[in-house]
Structures are given as C-alpha cells and as structure tokens.
Colleague: 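I am attaching a structure below and will ask some questions about it afterwards.
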Amino acid sequence: MAFEKVKEIIKEAPAFAQLTDLAAERLGGKVLFATDDFFAEKENLIKPTRGIFITDKYTDRGKWMDGWESRRKRIAGHDWAVIQLATPGKITGFDIDTNFFLGNHPPHASVEAVYLNDADHVKDWEDIEWKEVLPKSHLDAGSQNFYESNSNEVYTHIRLHIYPDGGVARLRVYGEVFKNWDAVPADEEVDLAAAINGGKAIACNDMFFSAMGNLIMPGRGVNMGDGWETKRNRTPDNRDWVILKLATPGKIEKVLVDTCHFKGNYPDRCSIETCFANNDEDVLNNTIEWETLLSQQRLSADNEHLFIKEINEVAVATHVRLNIFPDGGISRLRLFGKKKNY
C-alpha cells in the first residue's frame, strides 16, 4: 500500500479534546465486549496514541491493524462494542478515529451510554436501558471524527455502534470526571492532583517532548515518553512550569516527585506553589497570589522524591504550579492531602 494511502489525516481538535479521556486504558478504562473483533482486537480502541501502520505485518486472519476491526458482515445487523469508563463522568464529546482504516472503515457510527452501579452481573448488554448520546453520524476514512455529546448526565459505560462493520483505530470519550466528594471522609488522604480523581493539567510553558497530562496519570511511567518533558533551554536561570487544577480544594501534606526513566535529562531542582481561585481564568491570567508550598529541592535521576518535612504550611489550594529548573523531564507528580470545604 503506497504511503500516500496510509498517511495520517489530522484534523484540528475542538476545545473538548483538552478534557480528560474518560475511556483511556491508562486511566483504567476497559473494553468489555464486542460483537466481532475477528481482524483486530477490541482492546486496541482505548490504547494511547493514534495508532500505527506497519506495511508488511500480517496475522493468520489477515492484515494486522492497530485498532478494532470486525469481519465483513454478510447478514443483517451491525457491530458494536461496550466500553467501561475509567471513572464515572460527564461526557462532552467523542473522537472516533479511523486512522489508517481507509478501504475498511465504517461509514457511520453512533454512541449510547448508561450509568451502572454494578456491571459485574450483566449477562446481556442488549438488555441494558441505553441512552443515545450521539446519533448515527458520518465517519471519514483515515481520520479523526469529532462529535459533541448530546447529554450532560453522568455515565459509567458507553456502547459504540459501527454501521455495518469495519475498523476503528481509537475511541476517545472526552469529559469531566465525576467523584462524589461528599462520600470521601474528611480525614482520608487522597491524591488531590490525580486525573482519576478529577485533577487536570491546564497549562505549561513547554511540553516539546511529552505532554503535561502524563504527570497525573495512574502508576509509574512506562518509559521516558510517559511523562512531562521540556526541550533543552539555553537561557540562563531558566524555569519551566506546569499548572494543575486539583480535583477538589484541599490541604497538601505530602509531595512525591518521580523522575522515573529520566536519567540524563531530569531537572536539577523543582519547587511547587499553590493558590486558591474560583476559576481557571484567574490562574491562567496570573491575577492570583501564589504561595510557596515547596521551596527549591534537588532532584536525582530515575528516582522517587518524597517531601513531607520540607512542605510549608499554606492555605487551602485549588491549583498548583510545579516549577523545574532549568528544564527536563518528570514522570509523575503526586500531591497527597485532605479535602477541605470552602
């Protein structure tokens, strides 16, 4: 297949694509069922990146494809798959990405959603009272297909329908994490920055090598690309920074800075500031006052750095700013503390 036929088609992403991908495998999403995944496994739908194409790679069932692909349907009906979101959330939009599926993409798709307290005992997914959140919509081949959700309710599972069959490389379900903070005891220690709890990376000055959102993903980084890394900066006394919105206002009592996999490119030092703001705009416009939670601390290569005694007493925070000096990469940032009502 000629390169011109398999090259990626990248569309300008809408604003909702900056929200959390509630279905992401790395966050804890799972593909529970598919009517057919003969050519390519259903689990590929929620993997990171847009997917790849390897020209000469085949399996005993046909061409290897990095996505979910059903066989050619010779009977009535269509194919569908069920995805369990990593966390309950309000869905804002979708990216149904047919990357590299050109002569074999489905021409249309739709999405349904449901909130289930316990899905372990579901025996037939067609018996569920699904609600349509995206009507049957056109899909372009080899392309990201962005659509808004028509519901702002909280859901735990979605069902992706493809008409009638074919391949989808990735499915992104963008939205806001919903966590019932009223059910969290006041004395329970939680990671206030974790994406799974509703934390978000909202701004940084540089993410040349890898994205800021990786900082608050679950687990330790799987490689150097699974972190936040800035380019080499030649400016004397440079400072790179990233701003995180906490999942809920809280008091931070313990900080973990992990430079896992960053060996020749970890920052020399880091510091952390906090603020309290009623909205993100005030923080992004820097019209708030920052307080120093953690003064500059030395970092080392490929290591977890735990700071407790070094933390300063500060007010309840809604946002934090991580500063690194002069540049480099950090795999994860954990901000442990307790929720605080305001």
Side-chain angles (χ1 to χ4, degrees), residues 8-27 29-35 37 40 42-51 65-70 77-115 125 128-178 195 200 211 213:
E8 291 181 285
I9 300 173
I10 302 175
K11 293 182 178 179
E12 184 176 353
F16 66 68
Q18 299 301 314
L19 299 174
T20 301
D21 178 6
L22 300 171
E25 178 188 64
R26 64 199 304 237
L27 199 60
K30 298 177 182 178
V31 184
L32 301 181
F33 178 82
T35 52
D37 60 353
K42 62 186 185 298
E43 288 79 10
N44 292 333
L45 271 175
I46 57 174
K47 291 189 178 298
T49 76
R50 287 196 65 202
M65 294 296 288
D66 190 10
W68 166 48
E69 185 181 3
S70 64
H78 67 278
D79 290 315
W80 47 269
V82 175
I83 295 93
Q84 176 179 297
L85 303 181
T87 173
K90 295 182 178 181
I91 301 170
T92 304
F94 306 94
D95 175 10
I96 305 172
D97 190 354
T98 56
N99 198 31
F100 296 121
F101 286 92
L102 300 174
N104 51 353
H105 81 289
H108 298 90
S110 68
V111 181
E112 296 174 308
V114 68
Y115 186 96
W125 288 104
I128 300 298
E129 294 186 14
W130 297 96
K131 178 176 181 178
E132 186 176 78
V133 294
L134 176 68
K136 190 174 181 179
S137 303
H138 172 78
L139 297 182
D140 288 329
S143 181
Q144 291 174 286
N145 295 272
F146 295 106
Y147 287 105
E148 291 185 1
S149 169
N150 61 17
S151 172
N152 62 357
E153 297 177 33
V154 176
Y155 298 106
T156 59
H157 295 73
I158 66 155
R159 179 161 68 159
L160 170 67
H161 297 266
I162 57 173
Y163 303 93
D165 53 43
V168 174
R170 297 291 188 267
L171 173 67
R172 305 299 183 214
V173 183
Y174 294 110
E176 301 279 348
V177 171
F178 175 79
K200 292 187 291 185

Colleague: Please give me the minimum heavy-atom distance between P106 and G167, naming the atom from each residue.
Modeller: CD-O, 3.1 Å
Colleague: Could you work out, with side-chain contact (heavy atoms from CB on, under 4.5 Å) as the rule, every residue matching S149, not counting sequence neighbours?
Modeller: I91, F94, V133, S151
Colleague: So which heavy atom on A86 is nearest to which on G29, and how close?
Modeller: CB-N, 3.4 Å
Colleague: Under a 3.5 Å distance rule, please check whether W125 uses its side chain to pair with a backbone N or O of A81 as donor and acceptor.
Modeller: no
Colleague: Does CD in E132 sit with more than 12 non-hydrogen atoms of other residues, nucleotides or ligands closer than 6.0 Å?
Modeller: yes
Colleague: Please identify each residue that fulfils side-chain contact (heavy atoms from CB on, under 4.5 Å) with D66, with sequence neighbours left out.
Modeller: N44, I52, W64, R170
Colleague: Residues two or more places apart in sequence or in another chain: which of them pass side-chain hydrogen bond (donor to acceptor under 3.5 Å, both in side chains) with D140?
Modeller: K11, H138
Colleague: In chain order, what residues pass the ring pair (Phe, Tyr, Trp, His ring centres under 6.0 Å) check against F178, with sequence neighbours excluded?
Modeller: none
Colleague: Work out which heavy atom in E43 is nearest to a heavy atom in D37; give both atom names and the distance.
Modeller: OE1-OD2, 4.5 Å
Colleague: Residues two or more places apart in sequence or in another chain: which of them pass side-chain hydrogen bond (donor to acceptor under 3.5 Å, both in side chains) with N104?
Modeller: E69
Colleague: P135 and S110: which non-hydrogen atoms are nearest, and at how many Å?
Modeller: C-CB, 3.8 Å
Colleague: Please report the shortest heavy-atom distance between F146 and A17, naming the atom on each side.
Modeller: CE2-CB, 4.4 Å
Colleague: Measure the spacing between NE2 of H157 and CG of L32 and express it to the nearest 0.5 Å.
Modeller: 5.5 Å
Colleague: Measuring from H108:NE2 to N145:CG, what's the distance to the nearest 0.5 Å?
Modeller: 11.0 Å
Colleague: Quick one: list whatever passes side-chain contact (heavy atoms from CB on, under 4.5 Å) with A23, sequence neighbours left out.
Modeller: D21, I46, I83, L85, V173
Colleague: In Å, rounded to the nearest 0.5 Å, how long is the span from CZ of F101 to CH2 of W68?
Modeller: 10.5 Å
Colleague: For the pair V114 and E129, evaluate side-chain contact (heavy atoms from CB on, under 4.5 Å) and give the outcome as yes or no after the intermediate values.
Modeller: CA-CA 7 Å; V114 68; E129 294 186 14; 5.7 Å; no
Colleague: Does D97 come within less than 4.0 Å of R172, counting only side-chain N to carboxylate O?
Modeller: no
Colleague: Of all residues at least two apart in sequence or in a different chain, which pass the side-chain hydrogen bond (donor to acceptor under 3.5 Å, both in side chains) check with S70?
Modeller: D79
Colleague: Are R50 and Q144 side-chain neighbours, meaning at least one heavy-atom pair lies under 4.5 Å?
Modeller: yes
Colleague: Measuring from atom CD of E176 to atom NZ of K90, what distance do you get when rounded to the nearest 0.5 angstrom?
Modeller: 8.5 Å
Colleague: Not counting sequence neighbours, which residues clear salt bridge (Lys or Arg N to Asp or Glu O under 4.0 Å) with K131? List them please.
Modeller: E153
Colleague: Can you name the salt bridge (Lys or Arg N to Asp or Glu O under 4.0 Å) partners of D165, sequence neighbours left out?
Modeller: none
Colleague: Applying side-chain contact (heavy atoms from CB on, under 4.5 Å), name anything that partners S137, two or more places apart in sequence or on another chain.
Modeller: L134, Y147
Colleague: Return the OG1 to CG distance between T92 and L19, rounded to the nearest 0.5 Å.
Modeller: 5.0 Å
Colleague: Walk me through it: do L171 and I158 pass the test side-chain contact (heavy atoms from CB on, under 4.5 Å)?
Modeller: CA-CA 11 Å; L171 173 67; I158 66 155; 3.4 Å; yes
Colleague: For T98 and S143, indicate whether the former's side chain and the latter's backbone hold a donor-acceptor pair under 3.5 Å.
Modeller: yes
Colleague: E112: which residues meet the side-chain hydrogen bond (donor to acceptor under 3.5 Å, both in side chains) condition with it, sequence neighbours left out?
Modeller: R159, H161
Colleague: Could you pull out the closest heavy-atom pair between Y115 and P88, with the gap in Å?
Modeller: CE1-CB, 4.1 Å
Colleague: Could you give the distance from NE2 (H78) to CD1 (I162), rounded to the nearest 0.5 Å?
Modeller: 8.5 Å
